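What follows is one structure encoded as structure tokens, with my remarks underneath.
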Amino acid sequence: MNSVPILVSFLVAMMLTSLPLPETAIIYRPDWLILVLIYWCMAIPERIGIFTGWMLGLLLDVMYGSLLGQNAMAFSIIAYLVNILHLRVRMFPLWQQSVMVFLLVILHLAISAWIRGIAGQFFVTWTYWIPALTSALVWPFIFIVLRDIRRQISSK
Amino acid sequence: MREILRRLGGATPATVRVIVMIALSLALMLIDNRTQQFEKLRNVLQTVIYPVMFISTLPREMIRAVTGTMEASSTLQSENESLRQENLLLHSRLEKLHSLEADNRRLKRLLGQSEQIAENVLLAELVEVSLEPYTQQISLNKGSSDDVYVGQPVINGDGVIGQVVHTSQFQSTVTLLTDPGSAIPVMVMRNGLRGVLFGTGVRNKLALPYMTADADIRIGDLLISSGMGGRFPTGYPVATVTEVLQQPSDEFLTINTLPVTQLDHGREVLLIWPETIKEQSVLDQQEVVTDE
């Protein structure tokens with residue numbers, strides 16, 4: 001099974017995460033990397049799992065300039081949770097999966113806020129949590145696109 | 001090992017793995033928070049990611065290039081003319097500044113104070129990538145290969161912007177004054193009253209705590225960098241006072257200020273290398289002579 005499209009999907013997610021946006025739009029940005037990670041952990045748990053999640057989180061830490069390990073930890077936890085639940089969640093209708101995505105992104109944001117609060121001053125406004133909502137809304141689209149990609153690469 | 005864990009509570013390999021990764025992450029965070037051990041690792045990884053970040057900047061660059069070529073030549077000409085005039089004015093002011101600086105140095109020497117000579121500057125551009133949301137940080141396109149160092153002050157044409165916190169080969173990260181972890185020693189230009197200006201995490205707001213109720217400070221006062229602590233050079237505008245409040249129960253005044261410049265706007269900034277020289281006082285030299 002060709003790994004390149006998987007890698008490319010992660011790279012595109014990273015690019016979308018660092019894409020500069022006007023102030024007003026930034027708060028609505030979905031948590032692209034988590035979305036892509038969740039999909040691949042669900043679809044091919046034997047290949048994409050806790051360690052991949054950890055590495056991705058670490059790269060995000062470097063890109064963001066945040067504390068090394070902050071997102072690494074959050075991503076590995078989320079990969080773990082998806083790993084445990086993947087069999088069941090695969091059966092869920094898309095909207096129910098969106099709810100799960102919503103909760104997982106909340107978890108990501110919560111862990112980040114907690115670490116940043118401990119490491120230094122950090123004030124959480126209500127807008128901080130908006131990405132959970134937009135991620136859940138974007139999930140069906142991500143799912144369909146990545147599923148098509150996966151079907152292409154496994155059929156070859 | 002697995003046997004032990006299985007007996008402990010039926011932990012699956014996945015659970016073991018995640019616990020290990022969590023522990024590793026916590027260790028990393030602890031070390032990264034306290035020490036600079038990971039600068040090299042960060043630099044390496046940042047160089048790896050650089051292509052990705054570079055591609056993210058392309059859309060904006062392309063838009064800029066396209067709208068740039070579409071500007072009418074008449075607009076460019078008039079802009080050119082007004083820039084030329086402004087340049088002329090600034091040049092003549094610079095001449096006056098040179099002679100004032102010389103006067104200042106002479107007077108300081110008479111008083112026996114250490115003097116600060118002209119600083120070296122380097123122009124840098126903002127790298128347009130989004131860093132972690134809700135932090136006040138920006139990325140510049142100059143790094144350690146240009147001798148940028150951690151702690152280096154960063155300014156723009158209007159005043160102080162912040163300090164460098166990370167450098168990699170070709171890039172550096174700057175913490176803006178509004179970041180909650182930022183503090184800059186300042187003084188009121190009007191009367192020399194000294195204090196420290198702290199970032200609040202809120203855009204366009206800096207706080208000046210620890211001023212007692214009798215402090216001579218008013219709304220509209222301009223705060224400039226005082227140079228205490230040796231990090232920021234003296235005399236650069238930082239903020240203006242917008243609020244001076246006194247709660248009866250508080251020992252100190254609550255003072256809020258507005259930075260003189262839009263900290264994260266504008267494409268270019270200046271990196272400064274402050275230089276200080278201690279000069280022996282003229283009076284000391286005379287004493288040496290009379291001792292003989």
Side-chain angles (χ1 to χ4, degrees), chain A residues 10-21 23 25-27 29 45 49-51 53-55 57-84 109 111-113 115-116 118-125 127-128 130-131, chain B residues 12-15 17-33 37-38 41-60 126-135 137 139 165-166 168 173 175 179-181 198-203 264:
Chain A
F10 283 130
L11 285 176
V12 171
M14 286 197 100
M15 262 190 269
L16 288 171
T17 307
S18 66
L19 197 71
L21 287 178
E23 287 275 338
I26 280 187
I27 52 178
R29 200 202 298 263
I50 295 166
F51 188 66
W54 189 81
M55 288 283 347
L58 198 67
L59 286 177
L60 188 64
D61 282 328
V62 171
M63 196 172 82
Y64 265 170
S66 54
L67 217 55
L68 278 185
Q70 178 188 309
N71 284 297
M73 183 172 88
F75 277 44
S76 59
I77 292 176
I78 289 175
Y80 170 68
L81 291 172
V82 175
N83 186 288
I84 297 184
L109 293 171
I111 294 177
S112 289
I115 301 288
R116 284 161 78 175
I118 294 181
Q121 292 197 12
F122 183 64
F123 311 107
V124 180
T125 53
T127 56
Y128 179 73
I130 293 182
Chain B
T12 63
T15 313
R17 224 174 295 149
V18 81
I19 292 177
V20 168
M21 297 326 266
I22 292 177
L24 182 62
S25 307
L26 288 170
L28 275 181
M29 284 189 266
L30 207 69
I31 299 178
D32 198 33
N33 197 21
Q37 298 277 44
F38 289 131
L41 177 66
R42 216 183 254 276
N43 289 352
V44 167
L45 289 173
Q46 216 161 37
T47 321
V48 167
I49 293 189
Y50 188 70
V52 175
M53 288 173 86
F54 179 73
I55 297 180
S56 317
T57 67
L58 285 183
R60 219 179 225 192
L126 246 71
V127 176
E128 307 251 25
V129 285
S130 265
L131 297 178
E132 191 167 28
Y134 301 93
T135 53
Q137 289 191 333
S139 225
V165 286
H166 280 311
S168 61
T173 313
T175 297
D179 187 280
F198 289 88
T200 56
V202 177
R203 290 184 71 238
D264 50 359

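Lettering follows sequence order; numbering is per chain, from 1. All values derive from a computational prediction rather than experimental measurement.
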Just how far is it from atom [atom1] of [X] to atom [atom2] of [Y], taken to the nearest 0.5 Å?
| X | Y | atom1 | atom2 | answer |
| --- | --- | --- | --- | --- |
| A:W54 | B:L24 | CH2 | CG | 4.5 Å |
| A:F51 | B:R17 | CZ | CZ | 10.5 Å |
| A:Y80 | B:I19 | OH | CD1 | 7.0 Å |
| A:I84 | B:T15 | CD1 | OG1 | 5.5 Å |
| B:E132 | A:S112 | CD | OG | 6.5 Å |
| A:M15 | B:L58 | CE | CG | 9.0 Å |

Query raised in the report: What option among B:H166, B:M21, B:M53 has the most heavy-atom pairs under 4.5 Å with chain A?
Result: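 Most pairs with chain A among the choices: B:M21.
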
Proximity breakdown for [X] and chain A, heavy-atom pairs closer than 4.5 Å:
| X | value |
| --- | --- |
| B:T200 | backbone |
| B:Q137 | side chain |
| B:I49 | side chain |
| B:P59 | side chain |

Query raised in the report: Does B:M29 reach the side chain of A:M73, with side-chain heavy atoms less than 4.5 Å apart?
Result: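 Side chain of B:M29 against side chain of A:M73, heavy atoms only: contact under 4.5 Å found.
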
**Report entry** side-chain hydrogen bond (donor to acceptor under 3.5 Å, both in side chains) partners for A:S18, two or more places apart
**Finding:**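 A:S18: side-chain hydrogen bond (donor to acceptor under 3.5 Å, both in side chains) contacts with B:S56.
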
Query raised in the report: Shortest non-hydrogen contact from B:A14 to A:N83?
Result: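 Closest approach of B:A14 to A:N83: CB-OD1, 4.2 Å.
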
Requested in this report: Please name the pair of heavy atoms, one in A:A72 and one in B:S25, separated by the smallest distance, quoted to 0.1 Å.
Outcome: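 Taking A:A72 first and B:S25 second, the nearest heavy atoms are C-OG, 4.1 Å.
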
Query raised in the report: Given the options A:S66, A:P131, A:S76, A:G49, which has more heavy-atom pairs under 4.5 Å with chain B than any of the others?
Result: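 Winner by heavy-atom pair count: A:S66.
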
Query - Interface residue of largest heavy-atom contact number with chain B, from A:T17, A:L11, A:L19, under 4.5 Å - result: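 So the answer, after comparing A:T17, A:L11, A:L19, is A:L19.
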
Report task. Scan A:I115, A:L67, A:I118 and name whichever one has a side chain to side chain contact (heavy atoms under 4.5 Å, CB included) with B:N33. Result ->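 Answer to the side chain to side chain contact (heavy atoms under 4.5 Å, CB included) test with B:N33 among A:I115, A:L67, A:I118: A:L67.
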
Report task. Using side chain to side chain contact (heavy atoms under 4.5 Å, CB included) as the criterion, point out the one residue from B:N43, B:L45, B:L41 that pairs with A:V62. Result ->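 For A:V62, the side chain to side chain contact (heavy atoms under 4.5 Å, CB included) check succeeds only for B:L45.
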
**Report entry** Verdict with supporting geometry, B:L28 and A:Q70, side chain to side chain contact (heavy atoms under 4.5 Å, CB included)
**Finding:** CA-CA 9 Å; B:L28 275 181; A:Q70 178 188 309; over 6 Å; no

Query raised in the report: Residues two or more places apart in sequence or in another chain: which of them pass ring-ring contact (aromatic ring centres under 6.0 Å, His included) with B:Y50?
Result: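 ring-ring contact (aromatic ring centres under 6.0 Å, His included) list for B:Y50, sorted by chain: empty.
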
Query raised in the report: What part of A:L68 lies closer than 4.5 angstrom to a heavy atom of chain B: side chain, backbone, both or neither?
Result: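 Contact with chain B: backbone and side chain both.
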
Report task. Please state whether the side chain, the backbone, both or neither of A:T127 comes within less than 4.5 Å of a heavy atom of chain B. Result ->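 For A:T127, the contact with chain B is made by backbone and side chain together.
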
Query - Donor-acceptor contact below 3.5 Å, side chain B:Y134 vs main chain A:Y128 - result: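 Yes: the side chain of B:Y134 pairs with the backbone of A:Y128.
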
